[in-house]
Amino acid sequence: MATSKAVMSSLTHLRPLTCAASASASRLVPQPPDLIKWVTREGGFVHRAVKIAQHDSNGFGLGLVAKEEIPRGSDLIVLPHHLPLHFTSQDSLLLELARQIPEELWAMKLGLKLLQERAKVGSFWWPYIGNLPETYSVPIFFPGEDIKNLQYAPLLHQVNKRCRFLLDFDREVKRALVSLTPDKHPFGDQEVDASSIGWAMSAVSSRAFRLYGNKHPNGVHTDIPMMLPLIDMCNHSFNPNARIVQEQDTDSMKMQVKVVAETAIKENDPLLLCYGCLSNDLFLLDYGFVIHSNPYDCIELKYDGALLDAASMAAGVSSPSFSSPAPWQELILSQLNLAGEAPDLKVSLGGQEIVEGRLLAALRVLLASNMETVQKYDLDTLKSLDAEAPLGVANDIAVFRTLIAVCVIALEHFPTKIMDDESLLKQGASGSTELAIQFRIQKKSVIIDVMRNLSRRVKLLSSKETATAEC
């Protein structure tokens, strides 16, 4: 992506919105306002043992840490209703720009509000905004070479899609602002470019939480993204020691957001929330980090009959019919949404399922020759890896061997091997290069873990098949 490399020239509140894409971890202001004091001054609560500190052991850097032991169930942070930042605007131009943003890039809508507040002299949220990072380590800010270094087509597609959006949206914003007088300008008459738009989108995607907003007349809460000052400095863990709670303040009857200790927190332990059971694609795209041995990471594949035929033949499976299924098999593929008018051909390996249920069911059906046997089972059974050989041991062995061959083909699509990647890391790769290498190592590790899992299953089934034959 062609982003501006201009260095910010001012350290005052009124500063250009152009963002430098550097590896610096500095905050927007070199000596930002004390965020804890601001939250408490504005009617919030921060536990006396909570401090902002560098915590390198988890790899996330700056975050919240316990100064002393905190008992389970303690309120850690409480934000009154007026402290979270969410998208509200009376500005017709800002509303019109927000309408042009696709739902999947919801972070950009709140990003417009963030940019507006960043440009506004005397913004209520300036003590919070001044504490935000000056740059983000997400792939839209990677040099072109490091985007290529990711080596994984589905993520490359998403990165390129976001970069295209930023460049297109940059043009839309410039077109909307070109003839405005300074008093009508939503960004304080400052230039807004793809770089600053990317900064705002990255700030929101890496820090916002989707929480309940106001209640509709029908009693249903709306789900809206909010930036939560101080709370968003809690780092991530799949085994968090804290959680976010929303409740009504009995005094004001307005919603407040709290962080509560889920477990006892020891002295010097970081405060950790779970950002979600996400793949490394989303962690890198939205947060700018990679989780090692992520139990929710997976690889995305396209369901392709010719590829599966080649894989099954390479695995020694006889008479594969993936490219030319029988009519009854085609019908089941349609029920799995892998055939028909508008099929969803994205399937995955890894994560909690190991093999996506739709893919597993498809292989079981297409490697089965007996329609009557298949029709004895519902799709949920055929989609389950826990359903032990529903169509027979030989069928599951053929399925797993085919999937192992698919994994081998997937690994061959990466231009480097894990040993090569680890050697590059030892040589001292840093910044976005290191992130890209870590990402692709984890993707290859997912494939290898799937192969090991399926190989164990083949071995177990083969031993059962042998035992049955001997009987």
Side-chain angles (χ1 to χ4, degrees), residues 13 27-29 31-53 62-66 70 74-91 94 98 106-107 109-133 199-215 221-236 240 242-262 270-273 275:
H13 180 168
R27 287 183 273 182
L28 215 54
V29 178
Q31 295 180 318
D34 188 314
L35 199 51
I36 291 177
K37 285 183 179 177
W38 178 70
V39 168
T40 54
R41 188 171 66 242
E42 290 298 329
F45 166 80
V46 181
H47 194 285
R48 69 176 189 278
V50 171
K51 68 175 180 178
I52 298 172
L62 205 63
L64 300 182
V65 174
I70 303 175
S74 302
D75 285 351
L76 302 173
I77 304 168
V78 181
L79 299 184
H81 75 282
H82 62 285
L83 282 188
L85 177 63
H86 52 90
F87 184 85
T88 54
S89 181
Q90 303 299 317
D91 189 306
L94 216 61
W106 56 268
K109 184 175 177 181
L110 179 50
L112 288 173
K113 176 70 173 178
L114 178 62
L115 275 181
Q116 185 181 45
E117 293 297 330
R118 179 180 164 181
K120 186 189 296 182
V121 176
S123 166
F124 169 75
W125 281 283
W126 179 247
Y128 166 62
I129 294 170
N131 275 277
L132 293 176
W199 174 87
M201 185 169 74
S202 302
V204 174
S205 72
S206 64
R207 302 178 83 90
F209 297 83
R210 294 185 78 101
L211 300 177
Y212 293 132
N214 298 320
K215 248 186 195 178
H221 282 285
T222 54
D223 177 20
I224 58 175
M226 302 181 193
M227 297 189 79
L228 305 179
L230 196 62
I231 289 176
D232 61 13
M233 296 188 78
C234 293
N235 283 317
H236 164 78
R243 64 188 173 95
I244 291 181
V245 176
Q246 280 182 277
E247 62 182 34
Q248 213 161 50
D249 182 356
T250 52
D251 293 331
S252 67
M253 297 305 291
K254 291 181 177 176
M255 192 72 76
Q256 61 182 14
V257 183
K258 301 169 66 170
V259 175
V260 179
E262 186 87 311
L271 272 54
L272 301 169
L273 296 170
Y275 295 177

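Quick note: residue numbers are just sequence positions, from 1.
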Compute both the distance and the angle, then confirm whether Arg118 meets the cation-pi test with Trp199: under 6.0 Å from the six-membered ring centre, within 45 degrees of the axis.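 Yes; both conditions hold, so Arg118 lies above the ring face of Trp199.
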I'd like to check [X] versus [Y] (side-chain heavy atoms, cut-off strictly below 4.5 Å). Are they in contact?
X	Y	answer
Val39	Tyr128	no
Arg243	Val259	no
Arg207	Pro225	no
Phe209	Asp232	yes
Met227	Lys113	no

How far does [atom1] of [X] sit from [atom2] of [Y], to the nearest 0.5 angstrom?
X	Y	atom1	atom2	result
Leu85	Glu117	CG	CD	6.5 Å
Leu114	Ile129	CG	CD1	5.0 Å
Lys254	His82	NZ	NE2	9.5 Å
Leu79	Gln246	CG	CD	10.5 Å

Candidates Ile231, Leu271, Val46, Leu64 - the one meeting side-chain contact (heavy atoms from CB on, under 4.5 Å) with Leu76: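 The option that passes is Leu271.
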Any donor-acceptor pair under 3.5 Å from [X] side chain to [Y] backbone:
X	Y	answer
Lys258	Ile244	no
Ser123	Ala119	no
His81	Gln256	no
Asn131	Pro33	yes
Ser74	Ile70	no

Pair Trp106-Phe87, ring-ring contact (aromatic ring centres under 6.0 Å, His included): steps then yes or no: CA-CA 11 Å; Trp106 56 268; Phe87 184 85; over 10 Å; no
List the atom of Pro127, the atom of Leu35, and the distance in Å for their closest heavy-atom pair.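 Shortest heavy-atom contact: O-CD1, 3.8 Å.
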Using side chain to side chain contact (heavy atoms under 4.5 Å, CB included) as the criterion, list what pairs up with Lys37, not counting sequence neighbours.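 Partners of Lys37 under the side chain to side chain contact (heavy atoms under 4.5 Å, CB included) test: Asp34.
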